Amino acid sequence: MYNTMIKGLCKISNNVIAISLLKLMDERGCKPDCFTYNTIIDSLCKDKLIDDAFKFFKEMVFQKGISPDVITYSSLIDGLCKLGRWDEAPKMLQEMLDDGISPNVQTFNILIDACCKEGKVKEAEDFINIMLKRGEMSKAISIFDSMAFRGIFPNVVTYSSLLNGYCKSLNIEEAMNLFHEITKKGLKPNVVTYNTMLQGLFRVGRCGDARKHFDEMLAKGFLCNNHKIEEALSLFHLTGDGKLNSDIAVYTILIDGASKCGKLDIATALFQDVTNKGLHPDLKTYNVMISGLCREGLVGDAKELFLKMEESDCPPNNVTYRVLLQGYLKNKRYDDVQILLERMDELGYSLDASTLSLLIDAVAAGSFDTTMSTLIAHTTPHWIFSESSEVHNSLQDFGYRFVHKVLGWSNFSIPADDTAI
DNA sequence: GTAGGGTTAG
């Protein structure tokens with residue numbers, strides 16, 4: 001009863017109430033168990049509140065005498081990895097081993113995924129017996145050896161993470177090999193596997209192969225066909241997740257991929273297809289499409305789509321504003337820039353470094369009157385000028401002197417607080 | 001019963 005409520009609260013990220021419920025159940029003599037703590041610890045980790053998660057881990061072990069299990073440790077390891085706390089993740093793995101708890105395939109998958117996404121695995125290597133030093137991918141593979149040693153075999157998730165690693169490093173040949181390897185091992189690629197592969201193929205411009213993969217997905221029934229769509233939609237509303245969620249993601253990948261390959265006609269047709277099938281484009285779909293239209297200079301069409309978003313239940317977000325703004329600036333269409341900036345200011349949206357950079361260029365070229373400076377200043381977050389920020393370099397190109405000269409900010413100084421300038 | 005993989009600006 002309590003556990004079910006705690007699980008529900010954690011699912012909606014209401015940690016505070018979940019924790020008070022934990023205390024309440026304890027006071028009422030209903031002892032929390034490993035499951036209760038696992039649920040709360042994982043939820044805290046997912047909210048990046050790892051120190052709080054450790055507090056409950058200690059409470060569980062030292063005060064309540066409950067032994068943590070593989071799920072407790074895996075959740076904590078995942079939390080540490082996702083926060084980039086690399087020194088602590090392997091310590092946790094070691095602690096787990098010392099505690100006599102064996103990691104399982106899911107524990108390894110957490111580590112493999114982290115390896116594939118980050119380069120900083122030096123400390124982790126010591127604990128997962130990594131012998132090879134031939135770059136990040138082989139590090140991940142050597143974890144496979146370690147897994148096999150323990151009698152744990154990679155599953156489709158393991159391979160999909162590695163596939164993602166290969167695709168992100170543009171090693172498409174290895175990715176393709178791995179993809180075929182999955183089937184050879186008797187494992188079934190799923191929607192995520194296909195999506196990863198599709199994304200990778202587009203990234204290296206292999207649209208034909210991407211198309212083949214898409215057709216294969218259709219053939220395998222990953223996507224809804226026209227006859228099943230109604231049924232699937234009602235199911236979607238009932239469950240709130242499932243394959244249909246993936247469908248719009250697949251289309252978004254396809255639209256983005258096609259337009260980046262210079263095939264805007266295909267992208268447009270796909271976008272139309274989404275609507276025809278009764279699927280709803282989400283923010284990502286719209287942003288990808290607007291970006292694609294701008295890339296080809298079709299700023300008018302991009303604006304039209306933007307306006308459509310404003311009327312829909314999927315209003316533009318700050319990314320949409322930035323994409324459209326960049327589209328206008330790159331195509332030297334300045335008429336709507338001011339109104340867009342004003343609206344961004346109203347909505348509390350801010351500019352990013354690349355958009356700001358384009359704006360400053362336009363100001364320098366004399367494309368705007370002086371009132372624009374105030375607007376730009378309003379929508380520029382102060383962190384953009386901070387030393388540690390990666391975007392600082394892009395600003396250094398023209399330097400503070402340039403900002404002074406072009407924008408006339410003669411008294412400009414770095415603000416101390418977090419607010420916009 | 002509770003833990004793991006893919007999705008957009010640049």
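Lettering of chains follows the sequences in order, A, B, ..., and the numbering in each one begins at 1. Every value quoted in this text rests on a predicted model; they were computed, and no experiment measured them.
- Spacing between atom CD1 of Ile110(A) and atom C1' of dA3(B) amounts to 6 Å, rounded to whole angstrom units.
- A donor-acceptor pair is defined here as one N or O able to donate and one able to accept, closer than 3.5 Å; no such pair exists between the side chain of Arg203(A) and the backbone of Gly257(A).
- Residue contacts shown for Ser161(A) are limited to sugar-phosphate atoms, with no base heavy atom under 4.0 Å away.
- Glu311(A) meets the side-chain hydrogen bond (donor to acceptor under 3.5 Å, both in side chains) test with no other residue; sequence neighbours excluded.
- For the pair Lys260(A) and dA9(B), the criterion of a side-chain N or O lying under 4.0 Å from OP1 or OP2 is met.
- No hydrogens or angles were tested; on distance alone, a donor-acceptor pair under 3.5 Å links the side chain of Asn104(A) to the base of dA3(B).
- Using a 4.0 Å cut-off between charged side-chain N and carboxylate O, Lys212(A) and Asp209(A) make a salt bridge.
- Of all the residues in residues 67-79 of chain A, Ile71(A), Ser74(A), Ser75(A), Asp78(A) reach under 4.0 Å from DNA chain B with at least one non-hydrogen atom.
- For a distance-only test at 3.5 Å, the side chain of Ser354(A) fails to qualify as a donor-acceptor partner of the base of dG10(B).
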Test side chain to side chain donor-acceptor pair (under 3.5 Å) on Asn177(A) and Glu173(A) and set out the steps.
CA-CA 6 Å; Asn177(A) 288 340; Glu173(A) 286 312 316; 5.8 Å; no
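- As judged by a 4.0 angstrom heavy-atom cut-off over every strand, Asn155(A) is placed among the base-contacting residues.
- For the pair Met96(A) CE and dA3(B) P, the interatomic distance rounds to 15 Å; values are reported in whole Å.
- Here Lys82(A) reaches the OP1 or OP2 of dG5(B): one of its side-chain N or O atoms lies under 4.0 Å away.
- Applying a 4.0 Å cut-off to non-hydrogen atoms, the residues of residues 15-35 of chain A that approach DNA chain B are Asp33(A), Phe35(A), listed by residue number.
- DNA chain B lies under 4.0 Å from at least one heavy atom of each of the following residues of residues 42-49 of chain A: Asp42(A), Lys46(A).
- Checked for salt-bridge contact, Asp42(A) and Lys46(A) meet the test: a charged N lies under 4.0 Å from a carboxylate O.
- Sequence neighbours left out, the pairs with a member in residues 286-306 of chain A that pass salt bridge (Lys or Arg N to Asp or Glu O under 4.0 Å) are Lys303(A)-Asp336(A).
- Under the rule for a ring pair (Phe, Tyr, Trp, His ring centres under 6.0 Å), the partners of Tyr286(A) that lie at least two apart in sequence or sit in another chain are Phe271(A).
- At a cut-off of 3.5 angstrom, counting only N and O atoms as typed in the model, there is a donor on one side and an acceptor on the other between the side-chain of Gln106(A) and the base of dA3(B).
- If you check every strand for non-hydrogen atoms under 4.0 Å, Thr193(A) touches a base.
- In this structure, CG of Asp256(A) is placed 12 Å from C1' of dG10(B), rounded to the nearest angstrom.
- Ser74(A) is linked by a side-chain hydrogen bond (donor to acceptor under 3.5 Å, both in side chains) to Thr107(A), counting only residues two or more places apart in sequence or in another chain.
- Across the protein-nucleic acid pair, Tyr37(A) atom OH and dG1(B) atom P stand 22 Å apart, rounded to whole Å.
- Under the rule for a ring pair (Phe, Tyr, Trp, His ring centres under 6.0 Å), Phe35(A) has no partner lying at least two apart in sequence or in another chain.
- Counting non-hydrogen atoms under 4.0 angstrom, Val319(A) reaches a base of the nucleic acid.
- Side-chain atoms of Asn190(A) come within donor-acceptor range of the base of dG5(B), with a qualifying N/O pair under 3.5 Å.
- Contact check of residues 329-338 of chain A against DNA chain B (heavy atom, cut-off under 4.0 Å) returns Lys330(A).
- Residues passing the side-chain hydrogen bond (donor to acceptor under 3.5 Å, both in side chains) test with Lys263(A), sequence neighbours excluded: none.
- Remark: Phe368(A) pairs with Tyr334(A) by the ring pair (Phe, Tyr, Trp, His ring centres under 6.0 Å) rule, at least two apart or across chains.
- Residues forming a side-chain hydrogen bond (donor to acceptor under 3.5 Å, both in side chains) with Asn14(A) (at least two apart in sequence, or on another chain): none.
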